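What you are looking at is a predicted structure, and each value in this text was computed from that prediction instead of being measured. Every chain is numbered from 1, with letters handed out A, B, ... down the list of sequences.
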Protein chains: 2
Amino acid sequence: MVAIGCRGHEDGRRRVGRRRRSSRPAQAGGDISASPRPATLRDVAALSGVAVSTASRALTRPGRVSGETEARVRAAAEQLGYAPSGPARALLSGRTGVVALVVPDVTNPFFFSAVRGTQSRLRQGRFAHLLVDTEESPAAEERALRDLRGTVDGAVLAGARLDDERLAHWARELPIVTINRSQPTDHVVVDTPGGAVQALQHLVSLGHRRIGYAGGPPTSWSDGRRRAALAEAAGRLDVDLVDLGSHVPRREGGALVADAVVTAGVSGVVVFNDLLAFGVLARLAERGVVVPDEVSVVGCDDVFGADLVRPALTTVAVPSERAAYLATDLLLNRLEGTRTTDAAPPPPLPTHLVVRGSTAPAPRP
Amino acid sequence: MVAIGCRGHEDGRRRVGRRRRSSRPAQAGGDISASPRPATLRDVAALSGVAVSTASRALTRPGRVSGETEARVRAAAEQLGYAPSGPARALLSGRTGVVALVVPDVTNPFFFSAVRGTQSRLRQGRFAHLLVDTEESPAAEERALRDLRGTVDGAVLAGARLDDERLAHWARELPIVTINRSQPTDHVVVDTPGGAVQALQHLVSLGHRRIGYAGGPPTSWSDGRRRAALAEAAGRLDVDLVDLGSHVPRREGGALVADAVVTAGVSGVVVFNDLLAFGVLARLAERGVVVPDEVSVVGCDDVFGADLVRPALTTVAVPSERAAYLATDLLLNRLEGTRTTDAAPPPPLPTHLVVRGSTAPAPRP
DNA sequence: TTGTATGCGTTATCAT
DNA sequence: ATGATAACGCATACAA
């Protein structure tokens, strides 16, 4: 074992191994094309003639150093273009200042809202925003969470595809808030089941008696809840509810749904989301089925574009941006200790039906 | 100054200060609700009875340790749910494995494509994706770049709002690739000026002689280039090109444009982007101006929804997702040393006009 | 008020 | 093949 600094006090310098990678200080306005090594606190300290710790305090603890030194250090930092190293801070404090948003598909406009809501709250909290796309794969989702732990301070999961057990596991590993997924983490839920029932009631009130439901991915928690709510309501309202299957929640999936609509002979259909509904509309038009005269279509989400299609889509408006904002808010509060894990979850966010041109009275048989 | 380890070899332990925060090893499947300290390499090493350095090698340098040890370490890591600490790695290697996408407005569907393209390339390269919204503010953009340096390995800038000098400065501080902004960094350019000229020619061929251009933010490099190209083409084609001003490139900006269109008495208008064009369409409809019978409108970007509005929007299709993919590819190649800073920029990506329902022959006066 | 020393978790280097 | 240790940049407990 090597004894350190035993030769005496005066020459017992700390740095024993090979010399520092570079003793050249970072240059100020030097316009060298090769990017210079970024200035470190050490450079700032050297330039202002104080110790590193003093420089550190001057920049992070206003008031714990003399006004004069603080000014000197600040000037030096400015001149060198100093910015603290995120990783170094993270290593020391265990906090990265980064929050991840995990979504199954960045392509989906619904998740754009999530991006917006999250982004807007994170900006306020001066957090950075990591975006993770898991491509609808539970395995990828789990991998992401594993790698995220330590790299981010917490995660917002929109449209989690993990099963309850795994989700519970990861919620123990890092702070997680989910959107539209109650069990078992902290969460924000949007009342889409209620919205779906509203859609059903709307169709029933228009005289439809045989109504289809075109579902989303089997892994979608939200889809399951809607199915249950619809089944219950259908019994109560005494209408035929036809299961039109599970579908990829994208425009491309709509063709299959449209065909199922025709085959099943329903006069109205409630669709998992607007994207899928756009596809349904397109395919029905192709087949010469007139919406809403022959078939009524209701979407879900009220995404960008729902008011642009013709006929404009009747849909369940979902406050998704707000949900994401709220979820991020919950997460940040937890990180800051303002909120405890066992605090009551916020009440479900209400949805409401937006009636446009894609629904009309049922055709006389 | 305190001499370290001077009392002799045998008791000259390294850890002199206060004891380690916790000597309790991370627990395996223990389902304690409070999240346990994440397992470190030290924990893994301890559990498998080897030195930290060996554990490190076993996990990162397959083949440099005996097969048997490697297996033991891997098992231990698995059991503890070990994942390496990003910050620690970053601190040592200077590389974070994170790339930032910087956009002026996450709300704009055009930038969604940028998100998609970037995301898809980053995933291949196993990089994480940081998303930064600068809210159309050059100052915020600069702040972001300052904070990013050290936190990310590089940045893709879509719609940079910084002036050339500042941009050049930051390009020296960290690897940057811009989209639609040639000077002075590495960049990918989409030929929107060419597209705008195509739009103009299209209108001219339909008999329009007095045509407006509704521009975007003055800070948009792309907008400047289009103006120049349009002016040149207008002279060549001998048509009146009317400047309809600069506008916020969002739907809300459209009302002003629509009013300007009416005031200026143009029969056709080329609009900075589709979002703005949607607003124009809406406001013209409100005013009872029939598109395309009375006024023809051409957008730019061919964003989601352009084919959904009525009349469907004639627009310049821009391969924005591909541009973002390419930009990210350039950046990653540079980070990996495959590409040098002075390598030739890729040729401009071609655009093409998509003719839909919002353009028609000019009305007879 | 300022300086000195230490450790965060990881990897590279050196020694065994 | 494996072990010991320095170093990355920063913030803090402690010493002066």
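- Put simply, Ser66(B) has a side-chain N or O that comes within less than 4.0 Å of OP1 or OP2 on dT2(D).
- Atom-to-atom distance recorded for Leu145(B):CG and Leu157(B):CG is 5.5 Å, nearest 0.5 angstrom.
- Among the protein residues, Leu92(B) comes within range of the nucleic acid bases, having at least one heavy atom under 4.0 Å from a base atom.
- Separating the CZ atom of Arg64(A) from the P atom of dT2(C) is a distance of 12 Å, rounded to the nearest angstrom.
- Salt-bridge formation is not detected for the pair Arg116(A)/Asp105(B): no Lys NZ or Arg NE/NH1/NH2 atom is positioned less than 4.0 Å from an Asp or Glu carboxylate oxygen.
- A sub-4.0 Å separation between OP1 or OP2 of dA11(D) and a side-chain N or O of Ser56(A) is present.
- Side chain Ser53(A) to base dT4(C): a donor-acceptor pair is found below 3.5 Å.
- Within 4.0 Å of Thr69(B), counting heavy atoms only, lie sugar-phosphate atoms of the nucleic acid but no base atom.
- Between Arg57(B) and Tyr82(B), it is Tyr82(B) whose nearest contact on DNA chain C lies nearer the 5' terminus.
- Just one of Glu141(B), Glu142(B), Glu136(B), Glu135(B) meets the side-chain hydrogen bond (donor to acceptor under 3.5 Å, both in side chains) condition when paired with Arg161(B); it is Glu136(B).
- Here the side chains of Val73(B) and Val65(B) are not in contact, with every heavy-atom distance at 4.5 Å or above.
- The distance between atom CG of Leu59(A) and atom P of dG9(D), rounded to the nearest whole Å, is 16 Å.
- Along DNA chain D, the nucleotide nearest Gly49(B) and the nucleotide nearest Ala88(B) are compared for position; the residue whose nucleotide lies closer to the 5' end is Gly49(B).
- Across all strands shown, Val52(A) has no heavy atoms under 4.0 Å from either base or sugar-phosphate atoms.
- Pro87(A) comes within 4.0 angstrom of nothing in the nucleic acid, heavy atoms only.
- Taking the side chain of Arg42(B) as heavy atoms from C-beta on, and the options dG9(D), dA4(D), dC8(C), the nearest nucleotide is dC8(C).
- One interatomic measurement links the two molecules: CG of Leu41(A) to P of dT6(C), which rounds to 19 Å at whole-angstrom precision.
- Note: CG (Leu91(A)) to C1' (dG7(C)) measures 9 Å, nearest angstrom.
- If you check every strand for non-hydrogen atoms under 4.0 Å, Thr60(B) touches sugar and phosphate atoms only.
- Side-chain proximity of Val50(A) to dG3(C), dA4(D), dC10(D): nearest is dG3(C).
- Using a 4.0 Å heavy-atom criterion, one finds that Arg95(A) contacts no nucleic acid atom at all.
- Using a 4.0 Å heavy-atom distance criterion, Arg61(A) is classed as a sugar-phosphate-only contact.
- Side-chain proximity of Arg89(B) to dA13(D), dT11(C), dC10(D): nearest is dT11(C).
- Summarising the geometry, atom CG belonging to Leu167(B) is positioned 10.5 Å from atom CD belonging to Glu165(B); distances are rounded to the nearest 0.5 Å.
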